[in-house]
Structure formats: structure tokens, C-alpha cells
J.: 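Before I ask anything, let me first share the structure, which is written out below as C-alpha cells.
Any value given below was found using the heavy atoms of this structure, including those in side chains, with hydrogens, waters and symmetry copies removed. Note that the structure is a prediction, hence the values are computed from the model and not measured. Chain A is the first sequence line, chain B the second, and so forth, proteins listed ahead of strands; every chain is numbered from 1.
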Number of protein chains: 4
Amino acid sequence: MSTMNPSRLGRPVDADRRAARRRQIINGARGVFARKGFHAASTAEISAEAGVSGANLYQYFATKDDLIMSLIEENLAGDLALIESLNDAKSLKQGIMSLGKALFETPPGRQSHALRLEILAESFRQEEVAATLRRAEIRMIDTLGAIIGKAQVSGEVPDEISTLQAAATIIACVDGFMSRIAFTPISAEAQLAGFVMLITAALRLQQS
Amino acid sequence: MSTMNPSRLGRPVDADRRAARRRQIINGARGVFARKGFHAASTAEISAEAGVSGANLYQYFATKDDLIMSLIEENLAGDLALIESLNDAKSLKQGIMSLGKALFETPPGRQSHALRLEILAESFRQEEVAATLRRAEIRMIDTLGAIIGKAQVSGEVPDEISTLQAAATIIACVDGFMSRIAFTPISAEAQLAGFVMLITAALRLQQS
Amino acid sequence: MSTMNPSRLGRPVDADRRAARRRQIINGARGVFARKGFHAASTAEISAEAGVSGANLYQYFATKDDLIMSLIEENLAGDLALIESLNDAKSLKQGIMSLGKALFETPPGRQSHALRLEILAESFRQEEVAATLRRAEIRMIDTLGAIIGKAQVSGEVPDEISTLQAAATIIACVDGFMSRIAFTPISAEAQLAGFVMLITAALRLQQS
Amino acid sequence: MSTMNPSRLGRPVDADRRAARRRQIINGARGVFARKGFHAASTAEISAEAGVSGANLYQYFATKDDLIMSLIEENLAGDLALIESLNDAKSLKQGIMSLGKALFETPPGRQSHALRLEILAESFRQEEVAATLRRAEIRMIDTLGAIIGKAQVSGEVPDEISTLQAAATIIACVDGFMSRIAFTPISAEAQLAGFVMLITAALRLQQS
DNA sequence: TATGAATGAGGCTTCATTCAT
DNA sequence: TATGAATGAAGCCTCATTCAT
């Protein structure tokens with residue numbers, strides 16, 4: 001019955017254009033979601049911020065929830081990339097210090113922190129979000145664990161600690177500090193000091 | 001306080017009734033907010049869960065946001081009370097261990113964790129929430145700091161650490177572990193072990 | 001938990017008022033549905049025609065479909081009442097003649113005809129509608145059959161015909177003539193003549 | 001007609017292709033309209049069922065309403081052809097009996113019945129549809145009337161009946177029985193018996 | 001011609017809140 | 001006080017249709 005002729009009929013699909021639009025929408029959504037949260041954000045505001053018509057959004061995402069899930073996965077991939085970037089640091093301690101510093105630089109981080117927290121909160125409400133986070137958490141722990149393992153080989157970290165347990169603990173610490181950035185009465189320096197102290201302990205590094 | 005002399009005061013009973021109703025509504029709200037989040041929860045569902053008519057809610061709270069703020073403050077007061085309960089423990093370490101154990105007992109904690117996370121997330125969006133949290137955070141740090149100070153006097157904790165900094169760090173850790181309870185692939189025991197390790201380090205306690 | 005006290009708290013339910021509003025909305029819906037059909041009619045137009053806010057409609061009907069089903073059942077009850085009114089006629093033939101005349105009086109009937117047809121059409125699409133119509137059809141056939149039976153006793157109708165079969169046939173005829181009222185090139189008199197002829201035959205009445 | 005000489009005419013093939021596509025779309029529309037009704041059917045679903053892109057539809061029909069009108073006319077032409085097929089029957093009675101039998105064979109008829117009913121219902125709403133149906137009704141009555149006239153010549157039908165009136169009555173009967181096929185509690189045999197009885201009476205045929 | 005992309009308008013429904021009893 | 005009734009303002013999504021390729 002179908003007379004579709006893939007060869008030369010009609011407008012060809014431009015995969016790049018499509019991907020770009022998708023990103024454009026996700027970026028608009030990121031801003032609005034960070035500002036309002038998933039549920040208070042309206043698709044109208046999102047599409048406006050993305051510079052797209054309200055209806056067009058639905059050609060790239062089946063539903064608002066679909067958009068949310070896509071954004072969550074993209075964000076988690078970014079978090080993982082952040083951890084992987086530790087591979088490029090001179091030493092594990094140097095790398096984590098850099099990460100910590102970036103963590104407490106308010107202006108750039110604020111949006112992504114709000115989003116990360118919103119995602120964590122959503123994990124208590126939608127099992128699908130929890131499952132996605134679980135998968136991501138496993139990858140993050142594994143990745144960071146491997147990096148710690150390399151630091152063990154190079155002698156930076158003592159062999160007796162459990163790499164996975166240390167990794168999990170560090171990641172929890174990061175979220176812990178991040179979660180209060182909007183209101184903490186503690187100065188950025190003091191926060192960083194506390195953070196470094198914890199990491200040092202978790203990895204049994206030598207005190208600086 | 002208000003039950004001293006029913007014959008003397010015009011309407012102390014009514015005042016009690018009012019307070020009771022308020023709590024009844026807040027408790028209903030707690031359940032719904034934990035399940036759905038602040039914005040996805042409807043006042044209709046809240047009043048239904050509280051066993052109250054939808055209109056009646058507005059005789060105790062001016063607005064949904066007012067209800068949210070009241071609940072937030074009540075919850076933060078509860079968090080503070082939790083910290084104050086450390087005064088009753090034999091030693092600081094014992095007390096924090098108990099707190100940690102309670103933290104990772106999933107069923108009872110789940111609702112309050114979801115709520116705490118929702119509140120933290122909201123702090124990025126409403127400056128009023130952030131301000132409230134800041135005030136609460138200060139009280140918590142001060143209170144925990146004083147407790148740590150007492151532990152220094154008793155010799156449990158070395159004198160050279162900064163009580164406030166240690167307190168702030170510990171509280172951040174607690175939120176960090178709590179934030180992932182819904183999805184963490186780590187066992188409760190391993191979480192507790194990581195938690196204890198961090199606290200021990202923050203307080204420079206002797207290894208158990 | 002529920003503190004509901006049915007005795008004297010709050011506004012009492014006024015069942016009459018509620019029923020009146022319901023009818024008001026159904027009547028508004030009747031007009032719009034007759035004019036546009038079930039699917040082209042908007043709830044906004046319905047509530048406007050009923051003199052009610054758009055939201056208020058949903059305190060009486062869970063959904064547009066619910067409203068449609070309610071209206072269908074009310075209409076079918078009216079159709080049955082029409083058949084029952086045959087009991088008041090002097091003779092069966094007189095009664096059916098009156099019904100037939102009313103059937104072809106365009107202005108008053110037009111709206112109800114449109115609606116009846118819309119309902120019949122919907123029976124092909126929603127099994128629930130079909131089931132409702134089936135129940136109504138059975139009652140109509142039984143009722144009309146009983147009336148025909150009485151006419152047999154009084155000697156107006158010969159005993160040898162099947163009352164149920166005759167009833168079913170007559171009802172089908174009515175719908176047949178009704179279905180073309182909007183466009184038939186036949187004069188009302190000629191239609192009536194044809195209708196009477198068929199009924200006469202179905203009941204084996206004496207020719208007038 | 002358009003296939004006479006491919007070498008002579010510039011684009012007879014294209015004309016054929018156009019007509020074929022048109023039919024293809026109309027056939028897709030028939031299915032969807034029968035299933036959902038005119039207004040609940042979306043052009044997207046229609047074009048999908050026709051195996052055509054949604055935009056392509058608009059190169060063959062100016063508007064959804066245009067498609068509806070075209071389909072209505074095509075269907076009415078088919079109805080007329082059905083009546084004309086009576087000319088091929090041995091006797092009028094035989095022909096009508098065959099038509100009746102086909103009428104009550106549920107599976108094949110169901111779709112076309114739903115469509116016919118939808119069209120009848122639409123006649124109450126759009127004067128244009130009513131006008132189209134009126135024209136078709138006149139042709140049907142004339143055609144069936146002429147066939148009845150031939151049966152009078154052959155002696156099958158008595159001369160004294162009005163051919164046009166009889167024709168109109170018969171057509172109304174057909175629609176009457178058809179309109180309830182989706183829900184009637186009457187068996188196909190009983191329906192057929194009732195139908196035949198009415199036709200026999202309308203034409204004053206001899207009882208079988 | 002035929003298809004993918006885009007969009008304004010509108011549809012159904014929910015919600016926070018006010019009013020009347 | 002407490003409840004049922006009412007509503008304007010949104011919110012998510014779909015649709016018929018046009019535009020670009």
C-alpha cells in the first residue's frame with residue numbers, strides 16, 4: 001500500500017538540522033527548568049526560550065516528560081564527562097582540587113547545580129528517573145574508581161582503600177556541598193577547605 | 001501552655017483547635033509534597049489527604065505558597081531538633097553513629113528525605129526559601145558546633161579543629177548521602193561505612 | 001483521620017440545585033451537539049450556551065465523554081417515554097398517526113432528529129454507545145410490543161402477527177424516515193402517507 | 001478515456017496517476033472516517049492510512065472539508081449504482097431480496113453503513129451536504145421509480161401504486177434498518193423478514 | 001510532485017482561589 | 001468555622017494547514 005519512495009521524492013531528512021534543533025530546545029529547557037523546576041516550567045516558556053513554536057517542540061519530543069528524561073540523560077552524560085576529565089590532570093589531587101574550585105564558583109555553576117538538585121529530587125518521585133540515575137551513578141563510580149586505581153598504581157593513593165567505596169563517597173560529598181550553594185552562610189574558601197579535607201581523608205592522601 | 005485555665009480565658013480551646021487543624025493540614029501536605037513535589041501537588045489532593053475541605057485550607061494558610069513556607073519552617077525545626085538530640089548521646093561519636101544509622105533506614109526516612117531534597121531544590125528558585133534555609137543552616141551549624149565544642153572539652157575531639165567548620169562539613173555530608181538514597185547502588189552498610197569514615201575524619205576522631 | 005461532621009458543618013448539599021444545574025448543562029449541550037455533532041462541539045461552546053463557566057462543567061461531568069453518555073441516556077429515556085405515550089391514545093392507529101405527524105413537523109423536531117442520528121452514528125464507533133443503545137432498543141421493542149399486544153386483545157390488530165417483530169420493524173421505520181428529514185425532496189404529506197402505509201402493513205391494520 | 005493514445009497527448013499518464021492517487025487518498029479516508037467519524041478523524045491519520053505524506057493530501061484536496069465532500073459524492077454514486085444493479089435481477093422482488101440480504105451481512109457492510117450514517121448525520125449540520133444528499137436522493141428515487149415502473153409493465157407490481165412514492169419509501173426503509181445494525185438485538189434473519197415484509201407491502205407484491 | 005518541518009489556533013482539563021451558605 | 005459551588009487563568013497537547021526543499 002505504501003508508495004513511499006526513499007530515493008528522490010520529497011524533502012530529504014537533514015539529520016544535522018534535526019539534531020541542532022533538538023539541542024536548541026533542550027538548551028532552552030535547561031534554562032527554564034533550572035529557574036522554575038520541572039513541574040513549574042511550562043512548555044510555552046520553554047519553547048519561547050528556545051526560539052521555537054510551542055507546537056514544534058512536539059516534533060522532537062513526544063511529551064514534556066520525554067523532554068525531561070532526555071535532558072536528564074544529557075546532563076548525566078555531562079557529569080560523567082566531568083569525572084572523566086580527571087584523567088587529564090597531573091595528579092588525582094590536582095584534578096579533584098580543580099573540580100572543587102569550579103564547584104564553588106557561583107555564577108557559572110548555579111544553573112547546573114539547580115538542575116542537578118532538581119534531578120535528584122525527581123528521583124524520589126519517578127522510578128524511571130531513579131533507574132536512570134542509578135545507571136549513571138554506577139558508571140560514575142566505576143569511572144572514578146578506575147581513576148583512583150590508577151592513582152594507586154602511581155603511588156598517590158594507598159593500596160588498602162577500596163576504590164569503589166572511595167569513589168562513591170566522594171561523589172556523595174560533591175552533591176552534599178553542591179546542594180547548599182544557594183544558601184550556605186559559609187564562604188567559598190571555607191567550603192573548599194572542608195571539601196578538600198574530606199576528599200583527602202577519603203583517599204588517605206598526605207595532608208598538604 | 002494554653003490549657004492552664006479554661007475558665008479564665010475566652011477561647012483557649014479554639015486556639016488549640018486551630019493549632020491542631022493547622023498541623024493536620026501540614027501533615028497532609030507533607031505526604032503529598034513528598035510524593036509529588038511542591039508544584040505538582042494540588043491543594044485539592046492535600047486537603048483530601050488531610051481530611052479537610054479544599055476551602056478550609058485557606059482559613060489556615062493564606063496561599064499555597066504560605067503553606068509551603070510553613071511546612072518548610074516546621075521541617076527545618078525538626079532537623080534542628082535532630083541535631084539537638086545529640087546532646088542526649090553518651091558520646092558525640094555514638095550520637096552521630098545513631099543518626100547515621102537512622103539516615104540509611106530506607107522506609108521511615110524516605111518521605112522526609114524526599115521533602116528535604118525538595119526544599120533544597122526550591123532554595124535555588126525562591127530567594128525567600130534560600131533565606132529561610134540560610135537562617136536554619138546557621139542555627140544548625142551553631143548548635144552542632146557547640147556540641148562539638150563540648151566534645152572538645154571532654155577530650156573526645158581534638159582542640160585544634162574549627163568547631164563551626166567541622167559542623168558545616170558534617171551537615172553537608174549528611175545531605176550528600178541523603179540525596180542519593182532513592183537510587184544508590186551502594187548497600188546501606190557501605191553507605192554507613194563511608195559516612196562514618198568522613199565524620200571521623202572531619203572530627204579527627206580515633207579510628208574505631 | 002477524617003474530621004467530616006455531616007451534621008451541621010459547612011454548606012449543606014442542595015440536591016435540587018445540583019440537579020437543575022446538571023439539566024441546564026445537558027440542555028446547553030443538546031443544542032450545541034445537535035448543531036455541530038459530538039466531536040466538533042467544544043466544551044467552551046457548550047458551557048457558554050448553558051450559561052456556565054467552562055470549569056464548572058467539570059463539577060457535574062467528569063469528562064466530555066461522560067457528558068455525551070449522560071445526554072445519550074437522557075435522550076433515549078425520552079424516546080422511550082414517547083413510545084409509552086401511545087398508551088394514552090384512543091387506538092393504536094390513532095397514536096401512531098399522531099406520532100408520525102409530530103415526526104414530520106420540521107421545526108420542533110429538527111434538533112432532536114439531528115441528535116438521534118448523531119447517536120446512531122456514534123453507535124458504530126464506541127462499543128459503549130452501542131451497548132447503551134442496545135439496552136434502550138430492547139426496552140423500546142418490549143414496550144411497543146406490549147402496546148401492540150393490548151391492541152390485539154382489543155381486536156385492533158390481528159392475533160397472528162409477532163408483536164416484537166412488528167415493534168422492531170416500526171421503530172426501524174421511524175428512524176428511516178427521520179434520517180432524511182434534512183434533505184428529502186418529498187413533501188411532509190407524502191412522507192406521512194408512506195409512513196402510515198408501512199405501519200398499516202406491519203400491523204396488518206385495515207386500510208383507512 | 002485517458003488511455004487512448006499515450007503518444008499523442010502530453011501527459012495522460014500523469015492524469016491517470018493523479019486520479020489514482022486521489023482514489024488512494026479517498027480510500028484511506030473512507031476507513032478512518034468510518035472508524036472515527038468526520039470530525040474526530042485527523043488528516044494525519046488519513047494520510048498515514050493512505051500511505052501518503054500529510055502535506056501531499058493538499059495537492060489533491062483543497063481542504064479537509066473538500067475531501068469529505070468528495071468522499072460523500074463518491075459514496076452516493078456508489079449507492080446509486082447499487083440501485084441500478086437492480087436492473088440486472090430476474091425480477092424486482094429477487095433483486096430487492098438480494099440487496100436486503102447483503103444489507104444484513106455484518107462484516108462487509110459495517111464500514112459502509114457507518115459512513116452512510118455519518119453522512120446522513122452531517123446533512124443536519126452542513127447545508128451543502130444536505131443539498132448534495134438531496135440531489136442524490138432525487139436520482140435514487142427516480143432510478144428506483146423507473147425500475148418499479150418496468151416491474152409494473154411486466155405485471156410484477158400493480159399499476160395503481162405511485163412509483164416515486166414507493167421508491168422513496170423503500171429507500172427510507174433501507175436506511176432505517178441500516179441505522180441500527182451496530183446495536184440491534186434482532187437477529188439478521190428476523191431483520192430480513194421485517195424488511196421483506198415492508199417492501200412487499202410498499203410494492204403490494206403477492207405474499208411469498 | 002512529494003515530503004519533512006513549522007506553526008497559530010484551539011481543545012480538554014486542572015488548578016488555586018473566592019464566594020455563598 | 002467549615003463546606004459546596006464557582007471560575008479565570010493556565011497547561012499540555014493536537015490539528016489543519018502552509019512553507020521549504
J.: Hey, is the main chain of D/Gly37 close enough, under 3.5 Å, to the side chain of D/Glu118 for a donor-acceptor pair?
T.: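 No.
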
J.: Round to the nearest Å and state the distance from D/Arg22 atom CZ to E/dT1 atom C1'.
T.: 16 Å

J.: Contact between C/Gln126 and C/Asp65 at the side-chain level, heavy atoms closer than 4.5 Å - yes or no?
T.: yes

J.: D/Phe33 CZ to F/dA16 C1': how many Å, rounded?
T.: 12 Å

J.: At under 4.0 Å, does any side-chain N or O of D/Arg17 touch on OP1 or OP2 of E/dA2?
T.: no

J.: Between E/dG10 atom P and C/Lys36 atom NZ, what is the distance in whole Å?
T.: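 Roughly 11 Å, once rounded to whole Å.
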
J.: How long is the line joining CD of D/Glu45 and P of F/dC15, in whole Å?
T.: 9 Å

J.: Find which nucleotide of DNA chain E each of A/Val52 and A/Val13 is nearest to by heavy atoms, and output the residue with the more 5' nucleotide.
T.: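 The residue closer to the strand's 5' end, by nearest nucleotide, is A/Val13.
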
J.: From F/dA5, E/dT7, E/dT3, pick the nucleotide closest to the side chain of C/Arg18?
T.: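 Of F/dA5, E/dT7, E/dT3, F/dA5 is nearest to the side chain of C/Arg18.
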
J.: For residues 25-49 of chain A, which residue pairs pass the ring pair (Phe, Tyr, Trp, His ring centres under 6.0 Å) check, not counting sequence neighbours?
T.: A/Phe33-A/Phe38

J.: Whole-Å distance between F/dA5 P and C/Asp14 CG?
T.: 8 Å

J.: Just grab all the ring pair (Phe, Tyr, Trp, His ring centres under 6.0 Å) pairs involving residues 57-77 of chain D, residues at least two apart or on different chains.
T.: none

J.: Do A/Leu76 and A/Arg116 have side chains that approach each other closer than 4.5 Å (heavy atoms only, starting at C-beta)?
T.: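 Of all side-chain heavy-atom pairs linking A/Arg116 with A/Leu76, at least one is under 4.5 Å.
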
J.: Within this structure, what is the CG-to-C1' distance between C/Asp16 and F/dA5, rounded to whole angstrom?
T.: 16 Å

J.: What's A/Phe61 touching, base or sugar-phosphate or nothing? Going by heavy atoms closer than 4.0 Å.
T.: nothing

J.: Nearest heavy atom decides the nucleotide; on that basis, is D/Leu57 or A/Gly51 closer to the 5' end of DNA chain E?
T.: D/Leu57

J.: By nearest nucleotide on DNA chain F, pick out whichever of B/Tyr60 and C/Gln59 is the more 5' one.
T.: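 The residue closer to the strand's 5' end, by nearest nucleotide, is B/Tyr60.
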
J.: Given the rule that a pair is Watson-Crick or G-U wobble with both distances under 3.5 Å, how would you write DNA chain F in dot-bracket, using | for pairs to a different strand?
T.: .||||||||||||||||||||

J.: State which residues pass salt bridge (charged side-chain N to carboxylate O under 4.0 Å, His left out) with B/Arg35; sequence neighbours excluded, sorted by chain then number.
T.: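 Applying salt bridge (charged side-chain N to carboxylate O under 4.0 Å, His left out) to B/Arg35 gives B/Glu45, B/Glu49.
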
J.: Distance-only check: which donor-acceptor pairs under 3.5 Å involve side-chain atoms of residues 67-74 of chain B, not counting sequence neighbours?
T.:
| from | atom 1 | to | atom 2 | distance (Å) |
| --- | --- | --- | --- | --- |
| B/Ser70 | OG | B/Arg22 | NH2 | 3.4 |
| B/Ser70 | OG | B/Asp66 | O | 2.9 |
| B/Glu74 | OE2 | B/Arg30 | NH2 | 3.0 |

J.: Any side-chain heavy atom of D/Arg21 sitting closer than 4.5 Å to one from D/Arg18?
T.: no

J.: Expressed in angstrom and rounded to an integer, what is the separation of A/Ile68 atom CD1 from F/dG11 atom P?
T.: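 In whole Å, F/dG11 P and A/Ile68 CD1 are 14 Å from each other.
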
J.: How long is the straight-line distance from CD1 of C/Ile25 back to CG of C/Leu57, given to the nearest 0.5 Å?
T.: 5.0 Å

J.: I'd like to know if the side chain of A/Gln24 and the backbone of A/Ala50 have a donor-acceptor N/O pair within less than 3.5 Å.
T.: yes

J.: Under 4.0 Å from OP1 or OP2 of E/dA5: is there any side-chain N or O of A/Arg21 that close?
T.: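 False: A/Arg21 side-chain N/O out of range (4.0 Å or more) of E/dA5 OP1/OP2.
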
J.: Produce a footprint string for nucleotides 14-21 of chain E: one letter per nucleotide, 5' end first; B if the base is under 4.0 Å from any protein heavy atom, S if only the sugar-phosphate is, - if neither.
T.: BBBBBBBB

J.: In this structure, how many angstroms lie between the P atom of F/dC13 and the CD1 atom of A/Ile46, rounded?
T.: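 Between P of F/dC13 and CD1 of A/Ile46: 10 Å.
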
